[in-house]
Amino acid sequence: MAEIFDLIKRKAYPYQQRERNVLYKRPEFKARIIELASGGGIAECRMADHVIFIGLEGQATVTIDGQAEEVSQGKCLVGGPGLFSMETESGARLLGIQIKTVKKD
C-alpha cells in the first residue's frame with residue numbers, strides 16, 4: 001500500500017507534541033515533519049539510529065557530533081548515530097527520516 005503526503009501543507013506541531021508530526025511509522029523507520037520557528041531549535045539528543053533530513057523550506061543548521069551542516073530547501077543531510085542538535089535563525093521546515101538499526105542475530 002502506498003500513501004501520498006503533502007509535505008508543504010501538512011500542519012506541524014511544536015516539539016513538545018512531536019509525535020503528532022509523524023507521517024509514517026514502521027518498525028524499520030519513521031518519517032516526520034520538523035518545523036522550527038525563527039530563532040528556534042532542538043536541543044542536543046543522542047540518536048542511536050541513522051537519520052535523513054530533507055530541507056523543505058527555510059534553512060537550519062544541523063550539528064552531528066560537533067560537525068555543523070546547513071540544510072536548506074532541496075538539500076539532504078544523511079547522518080549516522082550520534083549527538084544531534086538543530087537551530088535556525090529564520091525558520092525552517094524539514095522532513096526527518098529515522099532509520100532503525102537492524103539487530104543481527
Side-chain angles (χ1 to χ4, degrees):
M1 174 184 264
E3 291 184 54
I4 299 286
F5 299 97
D6 188 329
L7 301 178
I8 303 303
K9 292 182 180 177
R10 176 78 178 227
K11 179 173 173 46
Y13 296 89
Y15 181 74
Q16 296 79 3
Q17 299 177 45
R18 64 189 169 276
E19 284 307 311
R20 294 181 73 184
N21 292 328
V22 174
L23 299 171
Y24 199 81
K25 184 175 181 179
R26 293 289 182 260
E28 304 83 12
F29 74 97
K30 179 174 15 178
R32 78 172 69 222
I33 293 292
I34 301 167
E35 188 168 282
L36 303 172
S38 295
I42 298 174
E44 285 186 335
C45 63
R46 173 81 41 201
M47 294 289 294
D49 303 312
H50 286 79
V51 294
I52 301 170
F53 295 110
I54 300 168
L56 302 174
E57 295 176 17
Q59 182 174 338
T61 301
V62 179
T63 303
I64 306 172
D65 290 332
Q67 180 178 343
E69 300 290 348
E70 298 298 319
V71 179
S72 57
Q73 186 175 2
K75 302 292 182 182
C76 176
L77 171 69
V78 179
L83 187 61
F84 285 75
S85 66
M86 189 178 296
E87 61 184 16
T88 181
E89 290 182 19
S90 59
R93 185 176 181 91
L94 300 97
L95 173 65
I97 303 169
Q98 180 180 358
I99 303 168
K100 301 289 185 173
T101 302
V102 177
K103 296 181 181 177
K104 296 180 182 180
D105 295 331

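Worth saying up front: this structure is predicted, and the values here are computed from it rather than measured.
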At their closest point, which heavy atom of [X] faces which heavy atom of [Y], and how far apart are they?
{"X": "Arg46", "Y": "Leu83", "answer": "NH1-N, 3.5 Å"}
{"X": "Pro81", "Y": "Ala48", "answer": "CG-O, 3.5 Å"}
{"X": "Ile34", "Y": "Gly96", "answer": "CD1-CA, 4.1 Å"}
{"X": "Ala92", "Y": "Ala60", "answer": "CB-CB, 3.8 Å"}
{"X": "Val22", "Y": "Arg32", "answer": "CA-CB, 3.8 Å"}
{"X": "Lys100", "Y": "Pro27", "answer": "CG-O, 3.0 Å"}

Tell me whether [Y] is reachable from [X] by hopping between hydrophobic residues (I, L, V, M, F, W, Y) whose side-chain heavy atoms are closer than 4.5 Å.
{"X": "Ile33", "Y": "Phe84", "value": "no"}
{"X": "Ile54", "Y": "Phe5", "value": "yes"}
{"X": "Ile64", "Y": "Ile42", "value": "yes"}
{"X": "Ile52", "Y": "Leu94", "value": "no"}

[Y] and [X], any side-chain heavy atoms less than 4.5 Å apart:
{"X": "Gln98", "Y": "Met47", "result": "yes"}
{"X": "Leu23", "Y": "Leu95", "result": "yes"}
{"X": "Asp49", "Y": "Thr101", "result": "yes"}

* Under 3.5 Å donor-acceptor, Thr88 side chain and Gly40 backbone ->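 Not at all, since once roles are kept as given, no pair shorter than 3.5 Å links the two residues.
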Does [atom1] belonging to [X] count more than 12 external heavy atoms closer than 6.0 Å?
{"X": "Glu57", "atom1": "CD", "value": "yes"}
{"X": "Gln67", "atom1": "CD", "value": "no"}
{"X": "Glu89", "atom1": "CD", "value": "no"}

* **Steps toward side chain to side chain contact (heavy atoms under 4.5 Å, CB included) verdict (Gln59, Glu70)** => CA-CA 7 Å; Gln59 182 174 338; Glu70 298 298 319; 2.6 Å; yes
If I take atom [atom1] from residue [X] and atom [atom2] from residue [Y], how far apart are they, to the nearest 0.5 angstrom?
{"X": "Glu69", "Y": "Thr61", "atom1": "CD", "atom2": "OG1", "answer": "9.5 Å"}
{"X": "Leu36", "Y": "Glu87", "atom1": "CG", "atom2": "CD", "answer": "10.0 Å"}
{"X": "Gln17", "Y": "Glu19", "atom1": "CD", "atom2": "CD", "answer": "11.0 Å"}

* **Under-4.0 Å salt bridge between Arg93 and Glu35** => yes
* Structure fact -> By side-chain contact (heavy atoms from CB on, under 4.5 Å), Phe29 pairs with (sequence neighbours left out) Tyr24, Arg26, Ile97
